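A short worksheet on the structure shown next.
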Amino acid sequence: MTKQTSPAAVTSRIADEVRAEMARQKKTGAELAAVLGITQHTVGRRLNGATPFNMIELILVAAWLGISLGELIRRAETPLAVAS
């Protein structure tokens, strides 16, 4: 059974994964702001985990990144490798 994760932790993990995929694809926050129809300031708050993406935004982000919403969520849920 998996342990429960706080909403703040989920928000942070999703933001981390969106930022990571954007970096891999060399996409900018300004481009994401245009896709979502929000300001760069608001995108910054989403990408730093201060404000969660809403479901519609997540669907748009995933499509823009060329991955499924399920894949984005799966990546965000995958524990980071920890050196032993």
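Counting from 1, the numbers follow the sequence of the chain as shown. If you're wondering where the values come from, they're calculated on a predicted model, not measured in any experiment.
Note on Arg74 versus Glu17: no salt bridge recorded, every NZ/NE/NH1/NH2 to OD/OE distance being 4.0 Å or above. With respect to Arg13 and Asp16, no salt bridge is recorded, no charged nitrogen being found less than 4.0 Å from a carboxylate O.
The distance from atom CD of Gln25 to atom CH2 of Trp64, rounded to the nearest 0.5 Å, is 7.5 Å. Once rounded to the nearest 0.5 Å, the distance linking CD1 of Ile56 with CG of Leu60 reads 7.5 Å. In this structure, CG in Leu65 is found 9.0 Å from CZ in Arg24, a value given to the nearest 0.5 Å. Going from atom CG of Asn54 over to atom CZ of Arg46 covers 6.5 Å, rounded to the nearest 0.5 Å. One distance of note links CG of Leu47 with CZ of Phe53; it measures 4.5 Å at 0.5 Å rounding. Annotation: the span from Leu72 atom CG to Ile67 atom CD1 amounts to 4.5 Å, rounded to 0.5 Å.
Using a distance-only test at 3.5 Å, with no hydrogens or angles considered, no donor-acceptor pair links the side chain of Ser12 to the main chain of Ala8. Checking side-chain atoms of Glu57 against main-chain N and O of Leu36 turns up no donor-acceptor pair under 3.5 Å.
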- Query: Going through the distances and angles, do Met22 and Val61 end up as a side-chain contact (heavy atoms from CB on, under 4.5 Å)?
  - Reply: CA-CA 10 Å; Met22 285 174 62; Val61 168; over 6 Å; no

- Using the salt bridge (Lys or Arg N to Asp or Glu O under 4.0 Å) rule, take Arg75 and Glu71 through it: C-alpha gap first, then chi angles, then the decisive distance, then the call. CA-CA 6 Å; Arg75 290 180 186 181; Glu71 176 65 12; 2.9 Å; yes

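Residues Ala15 and Gly49 share a closest heavy-atom pair of CB-N, 3.9 Å.
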